[in-house]
Asker: 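Below: one structure in structure tokens.
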Amino acid sequence: MHVAMTVNGREVSGDVEPRTLLVHFIRENLRLTGTHVGCETSYCGACTIQVDGAAVKSCTMLAVQADGATIRTVEGLADGDQLHAVQEGFWERHGLQCGFCTPGMLMSAASLLEQNASPSEDEIRHAIEGNLCRCTGYHNIVRSIEYAASKLRGEEPAPPDWTMDFEGVS
Amino acid sequence: MTTSISAMGGIVRRKEDPALIAGQGKYVDDIRLNGEAVTAFVRSPFAHARINSIDTSAAAAMPGVVAVYTIDDVRHLGPVLAQVPVGVMRPLLADGAVHHAGEAVAMVVAENSYVARDAAEAVMVDYEPLPAVVDMKAAVAGATKVHEGSESNVLVTWFSHDWWPGVFELVDHRPAIAEAKERDDVVVVSQEMTNQRLIPTAIEPRAVLADWNHGYNRVNLWSSTQMPHALAGAVAKTFGLPSNEVHVVAPEVGGGFGAKLNIYPDEILTVFASKALDRPVRWTETRREAAFSTIQGRGWVATATITGTKDGKILGYELDGIADMGAYSQNFTVAIPVLGLFVAQGQYDIPLAWQVSCVQTNTQTTDAYRGAGRPEASYYIERIIDMYAAAIDMDPADVRRKNFFKKEDFPATTAIGLTMDSGDYERNLDTLIADVDYAGLRAMQAAARAEGRYVGIGLSTYVEVCGFAPSVLAEFGFGWDAYGMPTSFSGSGLVRVNPDGSATVIIGTGPSGQGHQTTWAQVVSDRLGIDYDSVRVTHGNTAESPTGVGTFGSRSAAVDGAATYEAAEKVGGKAADIVAHMLEASAEDIRFADGGAHVAGSPGHKVTWAEIAEVAYKPHKGPDGMEAGLEAHAVFSPGNATWPFGSHLAVVEVDPDTGNVEIQRYVGIDDCGNRINPMIVDGQIHGGIAQGIGQAMFEDAIYDAEGNLLSGSLIDYPIPAAGDLPAFELGWTNTPTDVNPMGVKGIGEAGTIGSAQTIVNAVVDALAPLGVKHIDMPLRPRRVWDAIQKARG
Ligand code: FES
Ligand code: FES
């Protein structure tokens, strides 16, 4: 079957089997490998992308269902050399270790901040509950998203909370 | 020494991140070779069965199927190699029988993964089910054998008093403990506790890509492994190649936690298929496979007993347990409990009598999972010490303090003859107590109790052992000899200053998110004053990197990091001679900083690294007789392991009507010696704590009595999500080690080793007014609710 869609601002098309998952179309046909596969069964969130502006796990959709859609993947987050605020936040606040969950996490975070410019810590944790990370314990992911939210609001981000200069709790 | 932010102890953004946040990082499954074929495995639905026949004809006839292999095709390659080969080794594919659900029976190679998976379903296997044994105690009793015809399911029993006689000075504390039990001023507190099996669950499933080139008689192998050199050795040994003809590349690895620290049959089989088919062959694990084709962890049941006086002096600690090995031994399997034995006595200077039997069951193999034996051991001592404190009505912090090894005891000798390098447990606990206002917390708890609320405070201390050493441990089975790579726990690093003044650092580690590129660049930048951005660190390619044993046991910084430090010192020594020649000064007076070198006391009298490098590569410009070039390699073999430690505290509230546990605070004060990058250290602790909380609260690899894995998906095996965890409050003390020149100890596993029991201690403390003494993990609401109902009668 033939499918056509807009991915990261580019018109793309290809021939797929009816059962081809959208994530496989993105990874295999388009060779955009930033979108990861961690489970293929809709639990881990590593495959999260934006479809027509909403965060979607791309292993839960068939490629044919995305025919005509506008899609953004992690490769489309930055504007040229200018990192998206969530990318900058994850870099500045150590929001990633192995990086495997990161693309999906970034897409969920970007979607959250498009809907809620000032999320509380609870709202952030809730928004990324469908994205599993085994490395970070989420602490610094939350701080990264808070950093991005501040940036997008044009405010100075809170200073990092890592243990630094003295013995004891910081 | 520079004072820049990238110096040791400074925080700098990670070198790894720009590619990863852009979606440009390359994991094994992101790499594609022309003409590659894809594999899928046929896996056993039975935990124990004889295989009467395997009919591959229908699968082989399907369009797009390239080959179907069974054990008959690969038996000549032998079983999967293991470092500690005790018990039955895993065959590459089931040989006449299967011994756990999920065991690979046949391998299909096809043009794409959809076809491969369809064809795997078309392979007809005639199984004749046999009785399976899953329960550890039943396996020890031995009525049913895991492997037909074997004499016993018990592979080995480790005793603290003779775990390695002749090498370490061992004392049998059993008579003294028995005597102490006879005294009338003692209490004896005993409890059987389960430390349940876990599924490591790296978010990146394992993946392998093999490309055998017959022309060069060489194989290129990409694998999501934590130990590239060991894998190269194992492949070389299996296929009769020298190890330098096996190029293993571990590109980005999406989390490991010990699960990628193994030689797996799929790694060997993809190489075999690539060789046989003369084309690249790939395998990518599915999430369901990850649950039972990758090793699992923990799986102990043990009775812990403390004999102590009524005023809190512990006279003996006993542990009598069974550890589940699964059906086959792989890399370290039966040695994992020994790592628990290393820290069995915790921070306490107490007599120890410890025995753990390693038993096989018809389940997936267990091996190193974050902490590997040490979380289990810490759990038992720290749970039973809380029960002892309750029994003598003493505050758990005070009981711990009373039995600590004292600062002046270090280097301290443990009950099993090991020497702990440095420690100041009291100061560490004091820091925690002061920072959380422990007395205030207890007052808050009393007020909550008065209102009928169930608030608990849990405390745990821990000792970790990292960077395993000394070298003699190689003879215990930690030596990679089995992979044709006889080595010990050394680490290596190569530092090269290039002709343009940039530096390349090549290391033999196998990181999976720990930020080695960043950390090692800081070390080299700090030693040589080369700008952090001009240092490039590479790893995970056996064709170019010096031999390393990989990344595990929180060892990389303390061992390979120290090697890199020493290599940088060597480069600095030669560079100092060059600079002395250039500036007409004496080599002792040369200082490296700010992108170059200067003469001490006259910072204006300086040269840049590009200028130094040019002289180094143009020997006619340098000192007489100088060898051209500017690089050095160092191998570091530590004289001892390092022994980090810490104290953790959790505050929880239990809802008595639902059994739901809310973690309100989690505080950790960890001491890993000097810290190269505190941001990365914090991140390691966060992730470690999350995995410990995962064990305490949610995770459980559940097999039914027939050996079916009931928790093979992320729904049945819920790892913590963001909403399940609190923000973590971290602090630190610093007690450096003199085992390595940087004074660093290691931090990868500490958070996990300190946390599971902290949570359980807190929950039991919350329910103490009801008389609850113990609840086995995971503390899911139903289990907590049941305990409450039982206590209420
Ligand atoms: S791969 Fe789509 S949710 Fe895990
Ligand atoms: S950074 Fe490794 S899974 Fe999130």
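Here the structure is a predicted model, which is why all the values come from computation and not from measurement. Each chain gets a letter, A, B and so on, in the order the sequences are listed, and its residues count up from 1.
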Asker: Hey, which of B/Thr286, B/Ile693, B/Ile715, B/Asn112 has the most heavy atom pairs under 4.5 Å with chain A?
Answerer: B/Ile715
Asker: Specify which of A/Pro103, A/Cys39, A/Gly34 makes the most heavy-atom pairs with chain B at under 4.5 Å.
Answerer: A/Cys39
Asker: Assess whether atom CD of A/Gln82 is packed by more than 12 heavy atoms of other residues, nucleotides or ligands within 6.0 Å.
Answerer: no
Asker: Looking at side-chain heavy atoms only, is the closest gap between B/Arg675 and A/Thr163 below 4.5 Å?
Answerer: yes
Asker: Which bit of B/Pro511 comes within less than 4.5 Å of chain A, counting heavy atoms only: side chain, backbone, both or neither?
Answerer: neither
Asker: Among A/Arg31, A/Met105, A/Glu121, A/His126, single out the residue with the greatest number of heavy-atom pairs under 4.5 Å to chain B.
Answerer: A/Arg31
Asker: Using non-hydrogen atoms and a limit below 4.5 Å, what part of residues 5-23 of chain A faces chain B?
Answerer: A/Arg19, A/Thr20, A/Leu21
Asker: So does B/His686 get a backbone contact from the side chain of A/His139, meaning a donor-acceptor N/O pair under 3.5 Å?
Answerer: no
Asker: If I measure from the heavy atoms of chain A, does B/Ile689 come under 4.5 Å with its side chain, its backbone, both, or neither?
Answerer: neither
Asker: Side chain, backbone, both or neither: which part of B/Glu285 has a non-hydrogen atom closer than 4.5 Å to chain A?
Answerer: neither
Asker: So which of B/Gln691, B/Gln514, B/Glu252, B/Arg288 has the biggest tally of heavy-atom pairs under 4.5 Å with chain A?
Answerer: B/Gln691
Asker: So which residues of residues 68-81 of chain A are in contact with chain B at a heavy-atom cut-off of under 4.5 Å?
Answerer: A/Val74, A/Glu75
Asker: Just checking heavy atoms, which of residues 86-93 of chain A are less than 4.5 Å from chain B?
Answerer: A/Gln87, A/Phe90, A/Trp91, A/Glu92
Asker: Looking only at heavy atoms and a cut-off of under 4.5 Å, which of A/His94, A/Glu40, A/His84, A/His24 has the most pairs with chain B?
Answerer: A/His94
Asker: What part of A/Leu83 gets within 4.5 angstrom of chain B, counting heavy atoms only: side chain, backbone, both, or neither?
Answerer: side chain
Asker: Which of residues 21-30 of chain B have a heavy atom under 4.5 Å from any heavy atom of chain A?
Answerer: B/Ile21, B/Ala22, B/Gly23, B/Gln24, B/Lys26, B/Tyr27, B/Asp29, B/Asp30
Asker: What's the shortest heavy-atom distance between B/Gly255 and A/Cys135, and which atoms?
Answerer: CA-SG, 4.4 Å
Asker: For B/Gly683, does its backbone N or O pair with a side-chain atom of A/Gln97 as donor and acceptor, under 3.5 Å?
Answerer: yes
Asker: Between chain A and each of B/Pro726, B/Ala690, B/Gly256, B/Gly688, count heavy-atom pairs under 4.5 Å; write down the option with the most.
Answerer: B/Pro726
Asker: So, do B/Arg287 and A/Tyr43 sit near enough that their side-chain heavy atoms are less than 4.5 Å apart?
Answerer: no
Asker: Which region of B/Phe257, side chain (C-beta onward) or backbone (N, CA, C, O), has a non-hydrogen atom less than 4.5 Å from a non-hydrogen atom of chain A, or is it both or neither?
Answerer: side chain
Asker: Mind listing the closest non-hydrogen atom pair of A/Gly137 and B/Phe728 along with its distance?
Answerer: O-CE1, 3.6 Å
Asker: Is it the side chain or the backbone of B/Ser512 that comes within 4.5 Å of chain A heavy atoms, both, or neither?
Answerer: backbone
Asker: Please find the pair of heavy atoms, one from B/Pro720 and one from A/Arg134, that lie closest to each other, and give the distance.
Answerer: CD-NH1, 3.8 Å
Asker: What verdict does the side chain to side chain donor-acceptor pair (under 3.5 Å) test give for B/Arg32 and A/Thr33, after you've listed the backbone C-alpha separation in whole Å, the side-chain angles of each residue and the deciding distance to 0.1 Å?
Answerer: CA-CA 11 Å; B/Arg32 287 286 178 275; A/Thr33 56; over 6 Å; no
Asker: Checking heavy atoms, do the side chain of B/Ile680, its backbone, both or neither come under 4.5 Å from chain A?
Answerer: both
Asker: Output the distance between atom OH (A/Tyr138) and atom CG (B/Leu725), rounded to the nearest 0.5 Å.
Answerer: 7.0 Å
Asker: On a heavy-atom basis, which atom in B/Leu20 and which in A/Cys98 lie closest, and how many Å separate them?
Answerer: CD1-O, 4.0 Å
Asker: B/Glu16 versus A/Leu96: any side-chain heavy-atom pair under 4.5 Å?
Answerer: no
Asker: What pair of heavy atoms forms the shortest contact from B/Asp682 to A/Trp162, and how long is it?
Answerer: OD2-CB, 2.8 Å
